[in-house]
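Please read the structure below before turning to the comments.
Chain naming here is simple, since letters A, B, ... match the order of the sequence lines and numbering starts at 1 in each.
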Amino acid sequence: MVHQLSRWPAIFGLAACVLVATSTQAHAQAIEQSVKAAFLTKFPRYVEWPASARTGTRPIDLCVVGSDPFGRLLNQAARSDPNPIIIHHLVRAEQARSCAIAFLGGTRQQSVGQMVAVLQGAPVLTVTDARHGSSQGMIHFAIHQGKVGFHINDALAARNRLSISSRLLQLALSVRQRGG
Amino acid sequence: MTPPESVEELAKLSIEELAQVEVTSVSKRAEPLASAPAALFVITQEEIRRSSATSLPEVLRNAPNLDVQRINARQYAISARGFNGYETANKLLAHIDGRSIYSTLAAQVFWELHNPILDDLQQIEVVSGPGGTLYGPNAVNGVINITSKSALDTIGGLARGHIGATDRNAGLRYGVALGNDGAGRIYANYFRRNGLPGGPAIDADDDYSGIQAGFRADFDAGRDRFTVQGDFFDTDTDLVKGDGEKGRNVLLRWGRTLSAESGFHVQAYYDQFQRDYLLVRDRLETFDVEAQFNAKVRNHTIIAGAGVRTTKDLFLNNLNPFRLTPNSERLWIVNGFLQDTWAIGPTLDLIAGVKLERSSFSGIEVLPNARIAWRPSKADFWWASISRAVRAPTRIDRDLNFLPLLATADDFKPEKLWAVEAGYRGQPTTRTQVSISLFFNHYDDLRTTELTAGALPIRLSNGLKGNSWGIEAWATHQLLPSWRLQFGIATLRKEFKFKENRVDLAKGESLGNDPQYRLMARSQIDLSPNVELDFGTRFVDGLKRPAVKGYVDADARLGWRITDQVELFVAGANLLHESRAESAYKNGGQLVERSVVAGTRVRF
């Protein structure tokens, strides 16, 4: 099945290629990416934004900034989520200040570390991945003992006026705690 | 648990369930261990980072199921479940990234040949007991599986160094992305350790310094995964001018996922080292190829594999009259294995496997093992096993001679073990994890030194048999979110006797010199988000033949993360004694000293 699918792109050209390539990935490799996508859509339930930044009824703006390792996995995860989530694809972190949650993938022009720095002070839950380097947002994915885990920098969240629930903190591989 | 296939199914899980989904593909070799029905202790990268250890063998002290005896500034004897000692710790299989590192000279591991940057290690799995079917030769009393981080997880720069009165280190690593699916890193690690004072042996000039450098690249292109890595090292000892060790290795691995539940991997490596000490030269060249296939058919998970290894050695001794004849030889060892994990019910697995192994020094050995694993709940895991393992004869066993006193032993047989084990791993509370294992080992054909028909020459032979048994247990408890405690205990009783009409002129030396019990406790406290304070203490029972007093010792570490990029630390080891004996090794044993270092880690 997987083998047959991957032969189609040559026939259908580039657009089909992107779709099919991601679907073969979904089967073969990317249970890891699927788990991360599912995490991304669930994180907002465990985060409180400052009242000025969000109102409760609005859909959640989930932004992927720079390179996108998820493809359509993120849309599928968002559709399965009971809360309305809108996914945006952005190129630069400057565009992400009004997002609720931003996965920072980095680009050649703007590294993940620069993206984290740009969003300092903005009420955006920043998420990064050890696969993309050592720069860390408030939540940093890392594979631990064969499972997808994450480190939480609660001190950074506090500086950006976000509050992360204890249920999420308990799951973290490590927590950089907010200072007194 | 079979992981849900689709992202839609994953999205329906609770966030806690999501965190438990296994994402490493079933075909990856790392997996069988993680849920292994065996006495498994994992030293995590966090524990490595927070340890006071400044070298790989010191890190292994974190595993309660290992006995670590430091011999001198460079050498260590490390064993599980007995037989410890520099010349007797020969029943362990140690791997670094799938590369076997025990020497075929006498089946011990020369730990001094391995000096990676500790920050680049992913984790160290320590299995006490026979490794079962899946592991290569020599997995008799334990398996140490050291894995370094994927290059995909070490993008960016790291500089680390420490300095103390007796111990200095500087390491540098840099990793870059290679395309969308790959990454690579290069590293170099320099170390210098002062010699230790004389102890069981007279004071030797055992100052030790060296450099190890290497690279690793990983590509994870969906279906296929590639790893290529290599290291070289060059060390100096002060024993005699020109003494030291040199070596290099390169490894290639290709893994392919065939479906969600099947895959294979193939790996090949080349490894070469040369040790020059006093007037001895020991050289070993290894070439190894192995392949493994796994598939799931209904409720059977099948793993099959095969490997072939050939070594070419050289042993020249101008120090004393002991010789290996011939002084250079090519040896072969081949093995094939098949293992089935049969899910009898939703909570019960039956695992049966067999490995066939043949070496240049033995016929075909049949190594079966059977295990049962029962998970009555998510928090409880019970297991039991019975397995057979052998230690194939080595060059020393077969070819050592000193005529007319000692003759070669062409009939030296493999040493054999039947092991029965049972254990429990579980989480009595969400903040507590425990593991308890019991073992009973029955050995046969252990090494003795005997006369030939009552007269010279003497020969190495297989005149001993006997039993050993013990308990290994450990627990971790998260007392507070910022305070973690860990305890460990290991006990060992041994009862060996001669087979009929047999004697041992070496008086049971091959049985090792082991403590009857060891205790350890460790505390990790986050004093503030940026300050960590760690303590460890251990009690090790005395050794009997020759005698070494038992000891209590402690280590401590204070780490301060100044910024996300810069960390400073002070770490001390063996704090309770200025110096003390740890091994009884007459041919090089020195005293272990207190050591304090200050260091830094900088990420860029």
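A:F150 does not touch chain B: none of its heavy atoms, backbone or side chain, sits under 4.5 Å away. Neither the backbone nor the side chain of B:A177 comes within contact range of chain A; no heavy atom of the residue lies under 4.5 Å from a heavy atom of that chain. There is no contact between A:L74 and chain B, counting heavy-atom distances below 4.5 Å.
Heavy-atom pairs under 4.5 Å with chain A were tallied for B:Q45, B:R561, B:R603; the largest tally goes to B:R561. Among the candidates A:A37, A:S135, A:G113, A:A38, the residue making the largest number of heavy-atom pairs closer than 4.5 Å to chain B is A:A38. Between chain A and the residues B:A151, B:G156, B:A11, the largest count of heavy-atom pairs under 4.5 Å involves B:A11. Top candidate by heavy-atom pairs under 4.5 Å with chain B, chosen from A:S80, A:A142, A:G149, is A:S80.
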>> As a quick check of understanding, evaluate side-chain contact (heavy atoms from CB on, under 4.5 Å) for B:R160 and B:F569, giving each step before the final call.
In response: CA-CA 11 Å; B:R160 60 108 59 221; B:F569 60 86; 4.0 Å; yes
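Checked against the 6.0 Å centroid threshold, A:F70 and A:F103 count as a close aromatic pair.
Donor-acceptor pairing under 3.5 Å is recorded for the side chains of A:D68 and A:H89. Residues B:D349 and B:T341 bring no donor and acceptor atom of their side chains to less than 3.5 Å of each other.
The CG atom of B:N530 sits 5.0 Å away from the CZ atom of A:R176 when rounded to the nearest 0.5 Å.
The neighbour count for A:E48 CD, taken as heavy atoms of other residues, nucleotides or ligands under 6.0 Å away, does not exceed 12.
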